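Structure first, commentary second.
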Amino acid sequence: MESENLKTSSNFIYNLIDEDIKNNTFTDNRVHTRFPPEPNGYLHIGHAKAILLNYNTAKRYDGKFNLRFDDTNPSKEDVEYVESIKEDIKWLGADWEDRLFYASDYFDKMYFYAVELINKGLAYVDDLSPEEIREYRGTLTQPGKNSPYRDRTVDENLKLFENMKNGEYSDGSKVLRAKINMESPNINMRDPIIYRIMRAHHHNTGDKWCIYPMYDYAHPVEDAIEGITHSLCSLEFEDHRPFYNWVLENIEDFKDEHPRQIEFAKLFLTNTIVGKRFLKKLVDDQVVDGWDDPRLMTIAGLRRRGVTPGAIQNFCDEIGVAKSNSTVDIAMFEHFIRDDLKTTTPRCMAVLDPVKVVITNLPDDHLEWLEMSNNQENESLGTRRIPFTKEIYIDRDDFMVEPPKKYHRLYPENEVRLMGAYFIKCHDYILDDNGRVSEIHCTYDPETKSGSGFTGRKVKGTLHWVSASENQPATFRLFEHLLKEDPDSETTNESAINENSLNVKDGFAEVYLKDAKNSERFQFVRHGYFSVDPKYTSKDKPVFNLTVNLKSSWKIK
RNA sequence: UGGGGUAUAGCCAAGUCGGUAAGGCACCAGACUUUGACUCUGGCAUGCGUAGGUUCGAGUCCUGCUACCCCAGCCA
């Protein structure tokens, strides 16, 4: 994260905060943000945008950033998610320091403030059934009508609400509602429910409560209690804002200075869908290998795939934040992944689809150790030695018997460079019974050793290769986008899934990769960036996940 | 005339008081190249949803249209 970026980049939220500072809206011109996940699922790339936006906004203004679990609905939430969410946010680099909170920490206060609203005649207990409440609410174009229980006295409401808390009523039989206006054109202001009766075991408060606050009431109170100044949320909460403000303006503790809700557009990516239902189905149907499948845009999946936090940060910086719904081209994300890995990973060689090359003018037992730079753009990554032998492997598509125009690779009578080694020239090849190339015969020219300064001839192509006798067998998991088409949110289904999204190859890597650690990242030249899969890698055979491929302007036409 | 939003290039997106359309991705052309990668150079909106108006001057102001998104959970 470039701190200068933080200071110079511009978006409508920063503009609003700048205005608040100019107007001294908040004491000491504080800026305090928060990320409020509900612990009911895994975080994904869309959450990353929200997390980093909140964190960076706080950092830009020397403010604070809280992590708060919005755990107001125990029937849907689970501790299982709390740990994974914390791990993902930490990994992304957003630091909440000592400010980890839970909405459930505030249940007592929320109850207290609800009583205050009742006392002010601003809330009432309603006995209507869920169906009746829906009917009384009206529709988008028709006003609602008052509940017959709307005019209960303060004392009666107080008593009833206390009884609700004490478990005297069955689930769903009563609710506490804000008393606002059943005819409001904004449905969210038609006496929204603020407490419901629900007997569910809460991961934090156990069975202490049988009533739980609704989001619309809980959220502003949580924000205000924590001293949040700018409560950033997604666009669909825009018409909840009047109620957010109503709550805070009617609570004495908060009326004078309370947080401001600002809505922004969520991130959507092409070829991607992150909806919980869709993801869960993929996992349940075993279309993918769990929530951390590298093809998923979950944070866990991206991490397992080898994507860096830095890449995600730079990407989020660059896409910006605005209020228009938009879908970012996945190519932009991939660009920032390559960009971050370019000078930070060793550049090695691996052959994924091997075909044997015999160098006929080399003795059978030839073994020569060649020194190669690990990254020509970053010499601090050092060098390594690679074994050169009579028999080597190259990738099958680097040889053609009848090459098309502008094919720069190996073909009969053509000479190419073996990266880090010598020029070789093809003089023969062997076909198997199916007419497939099974062996290529070449001669090498000892004059052309890499680094020797040889300038006698030039070649058009440079091939990567691996010794056939001195190597590290490895598995390569190649990924394509999970979806063939751009998702249409709700309607996208299995038919959009790219059946080629996973392609497993068994091949060979340099011996250098023998000691590769879990999650360690490499570039395999002319293929892409890979990282060691922590799940499938075994002691004697590494498994590499394709993080992102290299670009290529070569199109076989 | 239910309410709330949004429209700047193929995709994101900046554009503070009206002063003559940033940047990134993608793409195209060329240079360089021991990765057909990287890097570098050049190209890529006489126009900002649309029709009018105000003005010396409009993406920015005014008026009328149009398109798309969100809202009728005791979910968040």
Side-chain angles (χ1 to χ4, degrees), chain A residues 9-12 15 18-19 36-38 40 70-73 75-77 126 128-130 133-135 137-144 171-177 184-190 192-198 211-212 214-216 218-219 233-242 263 265 267 270 314-315 317-336 338-339 342-343 347 349 372-373 376-377 406-409 416-421 423 448 450-451 459-464 523-528 549-555:
Chain A
S9 59
S10 170
N11 64 49
F12 78 99
N15 294 343
D18 289 341
E19 266 177 48
E38 182 184 19
N40 72 343
D70 209 354
D71 53 353
T72 58
N73 186 352
S75 70
K76 294 198 170 179
E77 296 150 9
D126 196 344
L128 252 27
S129 70
I133 286 182
R134 197 187 329 121
E135 286 163 22
R137 185 152 38 220
T139 68
L140 294 178
T141 52
Q142 292 168 298
D171 286 15
S173 61
K174 285 182 168 51
V175 290
L176 183 70
R177 293 232 247 171
S184 171
N186 179 350
I187 289 187
N188 298 293
M189 295 298 269
R190 318 237 263 232
I193 293 168
I194 61 185
Y195 264 96
R196 77 282 222 184
I197 303 171
M198 173 167 42
I211 57 171
Y212 292 94
M214 297 286 290
Y215 168 89
D216 278 336
H219 211 81
C233 65
S234 45
L235 252 27
E236 67 265 30
F237 292 104
E238 205 145 19
D239 39 358
H240 294 232
R241 191 170 66 222
E263 310 83 11
L267 170 64
T270 61
N314 293 339
F315 169 69
D317 282 352
E318 197 53 44
I319 57 172
V321 54
K323 292 191 70 159
S324 61
N325 281 309
S326 59
T327 304
V328 178
D329 192 335
I330 191 81
M332 189 148 160
F333 185 42
E334 293 173 346
H335 163 81
F336 285 99
R338 292 188 194 98
D339 191 55
K342 185 166 55 195
T343 57
R347 297 170 177 179
M349 298 194 287
M372 269 188 92
S373 167
Q376 295 79 354
E377 292 181 66
K406 294 194 175 169
Y407 186 79
H408 295 162
R409 286 114 91 145
V416 297
R417 181 194 303 276
L418 290 180
M419 189 179 286
F423 287 9
T448 59
S450 284
V459 289
K460 284 283 193 46
T462 299
L463 307 188
H464 60 280
Q523 179 192 136
F524 291 136
V525 294
R526 303 215 295 139
H527 283 296
N549 54 218
L550 256 23
K551 294 212 300 183
S552 173
S553 59
W554 163 248
K555 301 166 200 80

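Heavy atoms only: backbone and side chains are in, while hydrogens, waters and symmetry mates are out. Predicted model only: the values in this text are computed from it and were never measured. Every chain is numbered from 1, with letters handed out A, B, ... down the list of sequences.
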Taking only side-chain nitrogens and oxygens of [X], does any of them come within less than 4.0 Å of OP1 or OP2 of [N]?
X         : N      : result
Ser326(A) : C11(B) : no
Arg409(A) : G36(B) : no
Ser10(A)  : G15(B) : yes
Asn549(A) : A37(B) : no
Ser184(A) : G3(B)  : no
Arg196(A) : C75(B) : yes

- Considering only atom C1', compute the distance from G15(B) to G24(B) and round it to an integer number of Å.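 Result for the C1' pair: 16 Å, nearest Å.
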Which part of the nucleic acid does [X] contact within heavy-atom distance under 4.0 Å: base, sugar-phosphate only, or nothing?
X         : answer
Gly172(A) : base
Gly528(A) : nothing
Leu550(A) : base
Val175(A) : base
Asp18(A)  : nothing

- Any residue meeting salt bridge (charged side-chain N to carboxylate O under 4.0 Å, His left out) with Arg190(A), in chain and number order, not counting sequence neighbours: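 Listed in chain order: nothing, the list is empty.
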- Message: Among residues at least two apart in sequence or on other chains, which ones pass side-chain contact (heavy atoms from CB on, under 4.5 Å) with Met372(A)?
- Response: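 With neighbours one apart ignored, the set is Met349(A), Arg384(A), Ile386(A), Met419(A).
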- Task: Please identify each residue that fulfils side-chain contact (heavy atoms from CB on, under 4.5 Å) with Asn186(A), with sequence neighbours left out.
- Result: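 If we apply the side-chain contact (heavy atoms from CB on, under 4.5 Å) test to Asn186(A), skipping adjacent residues, the hits are Ser184(A), Asn188(A), Met189(A), Asp239(A), Pro242(A).
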- Task: Based on the glycosidic angle (syn within 90° of 0, else anti), state the conformation of C44(B).
- Result: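 That one's anti.
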Please write out the pairs of protein N or O atoms and N or O atoms of nucleotides 69-73 of chain B separated by less than 3.5 Å, giving the distance to one decimal.
unit_1, atom_1, unit_2, atom_2, d
C69(B), O2', Asn325(A), ND2, 3.0
A72(B), O2', Arg137(A), NE, 3.4
G73(B), OP2, Arg137(A), NH2, 3.2

- Item | Sequence-aligned protein contact record of nucleotides 39-44 of chain B, with B where the base is within under 4.0 Å of a protein heavy atom and S where only the sugar-phosphate is | S-----
- Query: Any luck finding a side-chain donor-acceptor pair between His527(A) and His464(A) under 3.5 Å?
  - Reply: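 The criterion, which ignores hydrogens and geometry beyond distance, is satisfied for His464(A) and His527(A).
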- Message: Just to verify, what does Tyr195(A) make a ring-ring contact (aromatic ring centres under 6.0 Å, His included) with, not counting sequence neighbours?
- Response: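 Phe161(A), Tyr217(A).
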